[in-house]
Number of protein chains: 2
Amino acid sequence: MTLYFDLSQTLPDAGPAPVGHDVGFCQQCEVRTSAICAVLAKDERAALNRLGRRVTICAGQTVMWEGDDATIVANVIQGTLKLSASTGDGREQIVGVVYPSDFIGRPFGRSTPHRVTALTDARLCLFTRGAFDGFARANPDLGHRLLQRTLDDLDRARTWMLLLGRKNAREKIATFLLDMSRRLATDGREPLDSFELPLSRQQVADVLGLTIETVSRQLTDMKRAGIIALPNRRTVDLLDRDRLVWCAEAA
Amino acid sequence: MTLYFDLSQTLPDAGPAPVGHDVGFCQQCEVRTSAICAVLAKDERAALNRLGRRVTICAGQTVMWEGDDATIVANVIQGTLKLSASTGDGREQIVGVVYPSDFIGRPFGRSTPHRVTALTDARLCLFTRGAFDGFARANPDLGHRLLQRTLDDLDRARTWMLLLGRKNAREKIATFLLDMSRRLATDGREPLDSFELPLSRQQVADVLGLTIETVSRQLTDMKRAGIIALPNRRTVDLLDRDRLVWCAEAA
DNA sequence: CGGTGAGTTGAAAGCAATCAAATGGCGTGG
DNA sequence: CCACGCCATTTGATTGCTTTCAACTCACCG
């Protein structure tokens with residue numbers, strides 16, 4: 001099997017090389033119940049496993065470039081990544097943030113529309129697009145699960161368009177914090193009242209269509225107002241969720 | 001079959017009531033080669049036809065409201081519709097514009113995420129969600145076509161996020177005009193150099209995250225610069241596509 | 001203990017929003 | 001056929017939010 005992925009990019013200290021074709025892989029996979037593979041029967045999963053390969057990547061590494069031939073797709077097993085688009089002169093917009101069990105890449109298409117970059121060290125379950133496409137066509141359940149996920153992504157993207165087009169800086173920051181508190185709640189389903197941002201200030205700005213200075217100022221204002229606390233650069237405590245919700249809609 | 005659609009909303013002068021279950025319907029359908037139904041075999045299409053119903057709606061009518069129980073989905077046969085989201089205090093963002101052969105509604109989900117409103121008089125091929133969902137699950141090809149369409153929509157939405165978050169008014173208008181010249185080219189594949197906007201100035205503003213005054217000013221400026229001509233309120237002629245492309249990226 | 005880079009704060013500028021008024025196309029009714 | 005009113009759009013003046021440019025703070029690390 002040819003791997004369309006530059007393994008020189010993987011973590012040097014990633015431990016032993018991925019075992020690759022070991023069928024046991026999926027049985028212990030952290031995201032086996034939540035990724036799209038969850039719908040597969042045991043033997044189907046084994047077949048898919050034979051097509052895939054686990055890779056570990058470092059924070060900051062780009063996995064796919066926009067405009068690339070779409071040669072790979074992947075499930076996120078661990079870590080956080082961003083999808084981004086940019087203008088010719090370098091302005092950047094983050095168009096999506098993906099978490100464990102999310103799916104990345106553009107199946108059934110010629111080229112990858114957006115850049116995919118790791119925000120933290122991450123582990124992916126990687127497939128060549130051709131192999132994945134074939135498997136998905138042959139397994140309607142998998143295709144259906146992918147459809148549901150894509151529909152959800154589309155809803156989320158469109159909801160974010162309202163934020164980008166019509167909300168002011170205060171509302172953007174408040175909405176963003178509430179969204180993070182929900183998205184980062186992996187297990188308990190309860191939105192978190194304290195969490196660690198996987199994003200730098202600049203990246204928050206790139207998600208919200210703002211500048212880093214505006215993000216910083218808004219966060220400071222909210223801190224002064226007692227709505228949030230910022231114990232360190234990456235941690236956010238939501239002290240007054242009600243007021244934050246109010247900020248998010250009617251700043 | 002129960003119809004979850006208020007037929008009192010349909011055009012009073014829509015002519016004879018829809019024939020509904022006539023199998024011949026699909027054979028002459030204007031979008032039979034481009035809508036998602038195109039992948040179906042003749043007998044499958046007949047089966048789907050039995051589930052659907054054609055309706056005609058007037059410009060300005062809303063077909064689905066955000067937050068509604070998702071009870072219907074539809075193919076657009078004729079006309080243009082908008083998908084929109086809005087804040088509590090009434091600011092609106094158009095998150096999508098749909099044309100003939102596009103699919104609307106939220107299959108496989110509880111509730112409709114966005115409002116769908118006709119921009120022009122329009123004809124839809126309407127299904128109850130439950131019936132459509134069942135049919136799509138039983139016909140993987142249809143599901144796959146829907147997946148491809150949804151993936152395309154997602155790519156387009158994310159590309160638009162770059163515009164909303166990072167482009168200035170001039171770039172937004174230029175990008176919008178170029179996009180329209182491509183999307184409105186129904187047959188010839190060639191982008192049009194003259195076209196009729198299906199949107200009012202306010203609606204253009206709602207697509208771009210601007211105010212109506214800013215839209216008007218930018219169009220006037222471009223007219224003065226000889227880049228476009230505006231023979232009447234709805235018509236746009238692209239006089240200098242090269243310069244427009246330049247505006248779109250580096251205003 | 002200085003160096004580095006992320007983040008914060010301050011001052012000023014700029015772009016789009018807001019408020020307000022004028023224009024112009026179009027249909028109705030005289 | 002023309003006058004009128006309505007409404008979408010344009011144009012003008014001003015405001016103000018976010019950006020820009022610049023300096024400073026702070027945590028972390030050799």
Side-chain angles (χ1 to χ4, degrees), chain A residues 59-60 82 87 89-94 119-120 162-177 196-225 228-236 247 250-251, chain B residues 59-60 82 86-87 89-94 119-120 163-177 196-225 228-236 247 250-251:
Chain A
K82 66 172 179 174
T87 62
D89 59 345
R91 285 168 286 173
E92 177 168 333
Q93 177 67 46
I94 294 179
L119 295 172
T120 64
L162 174 63
L163 174 142
L164 291 172
R166 292 302 188 197
K167 290 190 177 181
N168 64 28
R170 171 61 61 97
E171 294 168 320
K172 284 179 175 178
I173 292 284
T175 306
F176 169 77
L177 293 176
E196 185 135 330
L197 285 177
L199 305 168
S200 70
R201 292 287 186 271
Q202 180 61 59
Q203 287 162 346
V204 174
D206 290 340
V207 169
L208 298 176
L210 296 172
T211 59
I212 184 174
E213 295 95 331
T214 300
V215 170
S216 178
R217 275 187 256 270
Q218 292 296 334
L219 287 173
T220 304
D221 288 354
M222 286 188 173
K223 184 171 69 177
R224 267 201 281 268
I228 60 172
L230 303 167
N232 65 57
R233 287 179 173 182
R234 290 291 184 125
T235 307
V236 180
C247 283
Chain B
K82 66 173 180 174
S86 53
T87 62
D89 60 346
R91 284 168 286 174
E92 177 169 332
Q93 177 67 45
I94 294 179
L119 295 172
T120 63
L163 174 142
L164 291 172
R166 292 300 187 200
K167 291 191 176 180
N168 64 28
R170 171 63 61 97
E171 295 167 320
K172 284 179 176 179
I173 293 283
T175 305
F176 169 78
L177 292 177
E196 185 134 333
L197 285 176
L199 306 169
S200 70
R201 292 287 185 273
Q202 180 61 59
Q203 287 162 347
V204 174
D206 290 340
V207 169
L208 298 175
L210 296 171
T211 59
I212 183 174
E213 294 95 331
T214 299
V215 170
S216 178
R217 274 187 256 270
Q218 292 296 335
L219 287 174
T220 304
D221 288 354
M222 286 186 172
K223 184 172 69 177
R224 267 200 281 269
I228 59 172
L230 302 167
N232 64 57
R233 287 178 173 181
R234 290 293 184 123
T235 308
V236 179
C247 282

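A note on names: the letters A, B, ... follow the listed sequences, proteins ahead of strands, and every chain is numbered from 1.
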| said: Base contacts versus sugar-phosphate-only contacts with protein, heavy atoms under 4.0 Å: please encode nucleotides 25-30 of chain D as B, S and - from 5' to 3'. | reply: -B----
| Whole-Å distance between C:dA17 P and B:Glu92 CD? | 15 Å
| field | Spacing of B:Thr214 atom OG1 and B:Asn168 atom CG [to the nearest 0.5 Å] | value | 11.0 Å
| Donor-acceptor pair under 3.5 Å: do we get one between B:Arg217's side chain and the base of D:dG12? | yes
| task | Show your reasoning for whether salt bridge (Lys or Arg N to Asp or Glu O under 4.0 Å) applies to A:Arg91 and B:Glu171. | result | CA-CA 13 Å; A:Arg91 285 168 286 173; B:Glu171 295 167 320; 2.7 Å; yes
| said: Strictly below 4.0 Å, N to O, side chains only: are A:Lys223 and A:Asp221 in salt-bridge contact? | reply: no
| query | Does a salt bridge link A:Asp206 with A:Lys82, judged by any charged N lying under 4.0 Å from a carboxylate O? | reply | no
| request: Within residues 207-215 of chain A, find the residues that approach DNA chain D with a heavy atom at under 4.0 Å, and present them sorted by residue number. | output: A:Gly209, A:Leu210, A:Thr211, A:Glu213, A:Thr214
| field | Separation of atom CG in B:Leu164 from atom P in D:dT18, rounded to whole Å | value | 16 Å
| query | Rounded to the nearest Å, what distance is computed from the CG atom of residue A:Asn168 to the P atom of nucleotide C:dA16? | reply | 17 Å
| Whole Å only: how far is the CG atom of A:Leu230 from the C1' atom of C:dG7? | 11 Å
| field | Minimum heavy-atom distance between B:Leu208 and B:Lys172, given as atom pair plus value | value | O-NZ, 3.0 Å
| query | What is the minimum heavy-atom distance between A:Gly165 and B:Gln93, and which atoms define it? | reply | CA-OE1, 3.4 Å
| CZ of B:Arg234 versus P of D:dA8: gap in Å, rounded? | 10 Å
| In whole Å, what is the span from the CD1 atom of B:Ile173 to the P atom of D:dT10? | 10 Å
| Can you tell me if A:Thr175 and A:Lys167 form a side-chain donor-acceptor pair at under 3.5 Å? | yes
| task | Ignoring backbone atoms, establish whether B:Ser216 has a side-chain N or O less than 4.0 Å from OP1 or OP2 of D:dT11. | result | no
| query | When A:Leu230 is tested against each of A:Thr220, A:Val236, A:Leu197 for side chain to side chain contact (heavy atoms under 4.5 Å, CB included), which residue passes? | reply | A:Val236
| remark: From CZ of A:Arg166 across to C1' of D:dC17 the rounded distance in Å is 15 Å
| query | B:Asp221 has an atom CG; how far is it from atom P of D:dT10, in whole Å? | reply | 11 Å
| Does B:Arg234 have any side-chain contact (heavy atoms from CB on, under 4.5 Å) partners at least two apart in sequence or in another chain, and if so, which? | B:Glu196, B:Ser200, B:Asn232
| field | First encountered from the 5' end of DNA chain D, between A:Lys167 and B:Ser200 | value | B:Ser200
